[in-house]
2 protein chains.
Amino acid sequence: MERKSLTAAVSSERIQQDMATLACIGADGQGGVTRLAYSPEHWKARAYIRDRMESAGLQVREDAAGNVMGRWPVGLTGPALAMGSHLDSVPHGGRFDGPVGVVCALEAVRAIQESGFRPPSPLEVIVFAEEEGARLNHPLFGSKAMAGILDPRLLEQMKDRDGVPLARVLEGVGLSQERLSEARRQREEFLAYLEVHIEQGSVLEERNVQIGVVTGIVGITFMEMVITGRADHAGPNPMERRKDALLGAGRIITEIPVLVAQTGSAAARGTVGAIHAHPNTINVVPGRVTLGVDVRHKEKEEIRKLARLIDLKAGDICQKSGLEFLSRVLTEIEPVAMANNIVQAIGETCEEMDITCMQMLSGAGHDTTSMSTLAPVGMIFVPSVEGLSHCPEEFTPLEDIVCGARVLAGTAAGLINNFT
Amino acid sequence: MERKSLTAAVSSERIQQDMATLACIGADGQGGVTRLAYSPEHWKARAYIRDRMESAGLQVREDAAGNVMGRWPVGLTGPALAMGSHLDSVPHGGRFDGPVGVVCALEAVRAIQESGFRPPSPLEVIVFAEEEGARLNHPLFGSKAMAGILDPRLLEQMKDRDGVPLARVLEGVGLSQERLSEARRQREEFLAYLEVHIEQGSVLEERNVQIGVVTGIVGITFMEMVITGRADHAGPNPMERRKDALLGAGRIITEIPVLVAQTGSAAARGTVGAIHAHPNTINVVPGRVTLGVDVRHKEKEEIRKLARLIDLKAGDICQKSGLEFLSRVLTEIEPVAMANNIVQAIGETCEEMDITCMQMLSGAGHDTTSMSTLAPVGMIFVPSVEGLSHCPEEFTPLEDIVCGARVLAGTAAGLINNFT
């Protein structure tokens, strides 16, 4: 198998066509997209890629979590080299986070087909559902279902952002919560899993490097904090008699970056991404505020330490302000290491293709996190302009996506020979 | 006319029946009510009182803003002594804010009827619409329409809390924005306006006084602040590169009570009652936050000064945090003085009825504010347990409401004789 013929077979036109079509599904008119998981927009994007897979001769099936899998060559059995990503987005998210990995995976198969290389084991393209967790507050939902690592107790109480129970969300697209466990697959089914993704940071752009070879993914903890005071009229009572839940929340919000800075670690992050005040009316002192807090670190112990620090500080602030404080961990995603031989294979492919690359950590979680429990994994990052992501301004030039698809195709072809 | 016969004619049973019926309309199951203006619940409450008015022989009509007016004796022309309040509520508000004044006004007419006193001028009970401003972000909407002091430029852009244009809100209950100006009434139509209201503070309860004789109403300014940063993924980019709009908002929220305290005035208030973050998802740095800020003071100049101080400080915080800051005044309600002769009449009525009273300021705006441009006005406060208001815990014992109705009936009967 010649890497040169693969490089030539990767089609910039096909990638552009697929990316442009997906960008219009759920387009928000401001350059971004809103494709919440299991929404009509998400399902339309999924149907488009399904159709592209079938046109390329892949055998397509879907599972009980809404993941889509396309396999080639048809009829070839045994463990597969899988590649993929997701098509769901955050509200008003970007056009690249997810679709780049799906389109590169599909293009890698199409390029391998055209190069004349007949792989000794099957290739599989996977489109995972609800990677973002923006709908169910549970990121990696689809890939966790495939890995069999969804917590059944959480599933029973799980609701979407509008309070709709999980069972009804799934029924809305013809899926059934009762059959969710059927999505589970086994280690024996996979040789490896590879994912192309936008960096979502600005390191590659700033250093003018084409490809990031990911060595590990940071761990993430999602916490929910509920601050309860007492709703009251904004006029009559003296200020000092108030139990203002939003004032307590404000103090917590301003304190979190201080605690993150105190860790002294460049890999630590703390974010309050979501806030809901109640009753949320201009002339009423807020009686209750809920905060969604996101804590990240590359070390398992450090993330726990930071989450605990933030939790203690928030509780302390509330106590001093006469407010009640309740918090709970919504999700804990442990840091993940990439397989050494895959890290090495990606680096070698870049070198052979004259593509510049550097090793780096991923600050965001990915479907690769779940897949690491089923297979050796590797990730290929392409640059994000100004490091912007989860917003309409998210951007990656076409030539960088093409570059990602080439490295993915080359790495996949190389690995599948070695594995088999 | 004997005050004693009036005292006896005020019916605790009728007041209890009316208050209990209203409490069930829009009940939130937690002791509170949600009756947003022009909602089906608001309209149902209005229909109940309309029916009670008609049963008591009042001649009822409605105006283009949704205010309801009932007049007695039927056929008697000339300027009226008006009494009233409102039936709309904030979301999850209390059962007493508004209904107490409506029920007391209606009961005052019924008691005067039963006492055998035939007033030389008509009495009028008015139920104002959208006093709270919780639906349209514009408090005193109905009473301002009656006073002819709604700003026509504001009307054109006015939307409700869900973004529905004013015209469609009004159409929903069969009203028309084009006819709104027809709600306007003239000074010649009124002798005076009286309103019973819960104190919404704890002064009367703490001092064990039955009635508050209001001497003035504080001024209120509603401001909207829009803080714009940049939505970004919570993981990859370093914290110091963020433009976190919620962090800026948190700093503003914590600074406002400091600025209020610095005024050194017990009559100053500053509240952030409403917050909306965008995109409001746990793993995205918020790119935009909107705050609803409520500023109050009894002096016209002081409220402007405080609002300006808060605005400047918020702008300063945003500039230092690399955030854009836009603010605008949504509503300015000037402080209002009660008519001296009415303040005196209420005090004398209390004395004659052996009811304890004290003079006080109102920290909240009321329909009386708008009515002060049409007539001499007076307000009668009844105690609020623990000073709680705009929440399900809002409470006033039945005997205190009965006391308010007696003072209202006595004051109205006394004034109408003097005026005529």
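Chain letters run A, B, ... following the sequence lines, proteins first, then strands; residues in each count from 1.
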Discussion item. To the closest 0.5 Å, what do you measure between NE2 (His233(B)) and CG (Asp97(A))?
Written reply: 6.0 Å

Contacting moiety of [X], where chain B heavy atoms sit under 4.5 Å:
X: Val284(A); result: both
X: Ala261(A); result: neither
X: Glu224(A); result: neither
X: Val218(A); result: neither
X: Arg296(A); result: side chain

Worksheet item: Relative to chain A, which of Glu386(B), Met223(B), Glu240(B) shows the most heavy atom pairs under 4.5 Å?
Response: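 Sorted descending by pairs with chain A, the first entry is Glu386(B).
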
Per-residue contact mode, [X] against chain A (heavy atom under 4.5 angstrom):
X: Leu291(B); value: neither
X: Ala268(B); value: backbone
X: Ala364(B); value: both
X: Val289(B); value: neither

Please name the pair of heavy atoms, one in [X] and one in [Y], separated by the smallest distance, quoted to 0.1 Å.
X: Asn280(A); Y: Ala274(B); answer: OD1-CA, 3.2 Å
X: Val272(B); Y: Leu246(A); answer: O-CD2, 3.4 Å
X: Asp294(B); Y: Ile282(A); answer: CB-O, 3.5 Å
X: Gly250(A); Y: Thr254(B); answer: C-CG2, 3.5 Å
X: Pro91(B); Y: Pro279(A); answer: O-CB, 3.6 Å

Practice prompt. Start with the C-alpha distance between Asn283(B) and Ile220(A), add both sets of side-chain angles, then the distance that settles side-chain contact (heavy atoms from CB on, under 4.5 Å), and finish with yes or no.
Written response: CA-CA 10 Å; Asn283(B) 56 352; Ile220(A) 308 175; over 6 Å; no

Taking only distance into account, with no hydrogens and no angle test, what donor-acceptor pairs under 3.5 Å do side-chain atoms of residues 225-232 of chain A form with protein atoms, sequence neighbours excluded?
| unit_1 | atom_1 | unit_2 | atom_2 | d |
| --- | --- | --- | --- | --- |
| Arg230(A) | NH2 | Arg241(A) | O | 3.3 |
| Asp232(A) | OD2 | Asn237(A) | ND2 | 3.0 |

Worksheet entry | ring pair (Phe, Tyr, Trp, His ring centres under 6.0 Å) partners of residues 240-266 of chain B, not counting sequence neighbours, each pair once |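 Counting only pairs at least two positions apart or across chains, no ring pair (Phe, Tyr, Trp, His ring centres under 6.0 Å) contact touches residues 240-266 of chain B.
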
